[in-house]
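These notes concern the structure reproduced below.
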Amino acid sequence: MTGRTGPAARTLRATGVTKVFPSPEGPITALDGVDLTLDPGEFVSVLGPSGCGKSTMLAILAGLDTPTKGQVMVGERAVTEPLLEAGVMFQRDLLLEWRTCEDNILLQFQMRGLPTAPYRERARELLEMVGLTRFARRFPRELSGGMRQRVALCRALVHRPPLLLMDEPFGALDALTRESLNVELGELAARTQTSVLFVTHGIDEAAFLADRVVVMSPRPGRIAGEVRVDLPRPRSMAVREEPEFVARTGRLRRMLAEREQGTVADV
Ligand SMILES: Nc1ncnc2c1ncn2[C@@H]1O[C@H](COP(=O)(O)OP(=O)(O)O)[C@@H](O)[C@H]1O
Ligand SMILES: [Mg+2]
């Protein structure tokens, strides 16, 4: 892929983010005073059990939802609306069935009333990168789950965002497809120096991809601890057998098991 020409990467920083949802049974505190930083070029995984507030956190970081307390900054600017310098991906690919793959990738420009012509080549380039050149004019229903998520990845990257925010993007895929997409994502993030925040409940996936894994506690979501994975990126699947890697996933496993006892130090 060619070099970056989009907006420059800045630090994304959440400070004291609390989110309370109203509900018929009374208010639900989904997040309680979460601090989280993503530096330019850094890959951070957010790991936590189902319902701990990961999706809520990602939506707030992306400017798709607002915190009840606390704030999110990108560089010196407060995030108060959807963050244009971020590409966002969710567990469901959210492709429109009646649009071709290429037109799905170009959707955001049409929605914003911008010309798509300058981006057609970029869309083709991205499809080539994920091995889907032949599918540019095909419809999503002709693709497997893994191929559809690759198209969703192209769509998230088409405006060359310096930031990628991903909410369990490979959670619905079979194990082998998920592994190959993890490898592809790791290579892409390293090559393009994209900052990535990757939400998952998979320990191996979190550690395989990240420079740093942030562990969240069950509801109300708080930061329970953090593990650095200071192994060079991009990584190959073989890294999972290295003792340094196994030690870190072991530590993450223990943190998740002990999480109900409060903050666990990264020792
Ligand atoms: N819009 C909403 N209204 C009410 N409760 C919500 C809403 N969104 C999330 N929640 C609640 O907040 C908690 C955290 O949800 P979520 O962020 O989806 O967790 P996760 O992504 O870690 O599984 C859950 O208990 C969920 O039911
Ligand atoms: Mg979620």
Side-chain angles (χ1 to χ4, degrees), residues 12-38 43-72 79-83 86-95 145 148-149 152-153 155-156 163-175 178 181-182 185 196-210 212-227 249 252-253 255-264:
L12 183 65
R13 189 188 307 278
T15 315
V17 166
T18 293
K19 180 71 178 179
V20 181
F21 290 112
S23 90
E25 294 84 44
I28 295 173
T29 304
L31 296 169
D32 185 16
V34 173
D35 297 332
L36 193 62
T37 301
L38 180 66
F43 200 124
V44 173
S45 294
V46 175
L47 177 66
S50 184
C52 76
K54 301 184 296 298
S55 293
T56 304
M57 190 63 204
L58 188 122
I60 290 173
L61 287 168
L64 300 170
D65 200 351
T66 51
T68 310
K69 262 200 295 189
Q71 67 169 353
V72 178
V79 174
T80 53
E81 56 186 10
L83 200 58
V88 187
M89 245 183 107
F90 301 96
Q91 182 166 357
R92 289 187 49 223
D93 56 59
L94 306 175
L95 298 179
R148 292 176 63 114
Q149 272 308 33
L153 178 63
R155 186 178 53 190
L163 270 169
L164 195 50
L165 304 176
M166 310 178 86
D167 189 359
E168 307 208 33
F170 310 137
L173 304 176
D174 66 84
R178 183 176 185 159
L181 276 162
N182 279 337
L185 173 64
V196 187
L197 191 90
F198 186 90
V199 162
T200 179
H201 60 255
I203 293 174
D204 287 315
E205 179 178 69
F208 174 75
L209 286 164
R212 199 151 62 79
V213 182
V214 171
V215 180
M216 285 181 68
S217 65
R219 213 179 79 208
R222 298 190 178 111
I223 304 298
E226 178 181 305
V227 171
T249 50
L252 288 168
R253 218 159 257 121
M255 274 188 177
L256 284 173
E258 291 165 21
R259 71 213 171 203
E260 266 151 300
Q261 292 154 30
T263 301
V264 182

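For ligands, and for the atoms within them, numbers begin at 1 and follow the listed sequence. FYI, the numbering just counts along the sequence from 1. Both backbone and side-chain heavy atoms feed into the values below; hydrogens, waters and symmetry mates do not.
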For G70, does its backbone N or O pair with a side-chain atom of T15 as donor and acceptor, under 3.5 Å?
-> no

Per the side chain to side chain contact (heavy atoms under 4.5 Å, CB included) rule, which among L252, V213, V214 passes with E226?
-> V214

Determine all donor-acceptor pairs shorter than 3.5 Å in which one atom belongs to a side chain in residues 166-173; sequence neighbours excluded.
residue	atom	partner	partner atom	Å
D167	OD1	S55	OG	3.4
D167	OD2	S55	OG	2.6
E168	OE1	H201	ND1	3.0

Apply side chain to side chain contact (heavy atoms under 4.5 Å, CB included) to T56 and list each qualifying residue two or more places apart in sequence or on a separate chain.
-> K19, F21, A30, L31, I60

For the pair T29 (side chain) and P220 (backbone), establish whether a donor and an acceptor sit closer than 3.5 Å, ignoring hydrogens and angles.
-> no

Mind checking what residues have non-hydrogen atoms under 4.0 angstrom from ligand 1?
-> F21, A30, P49, S50, G51, C52, G53, K54, S55, T56, R219

Indicate yes or no for a side-chain donor-acceptor contact from R155 to the backbone of L94 under 3.5 Å, with no hydrogens or angles considered.
-> yes

Answer yes or no: is there a side-chain heavy-atom contact under 4.5 Å between L12 and L83?
-> yes

Heteroatoms of the protein, restricted to N/O/S, which lie under 2.8 Å from the Mg ion (ligand 2) | S55 OG

Got a donor-acceptor contact below 3.5 angstrom from the S45 side chain to the A206 backbone?
-> yes

D35 (side chain) donor-acceptor with G16 (main chain) under 3.5 angstrom = yes

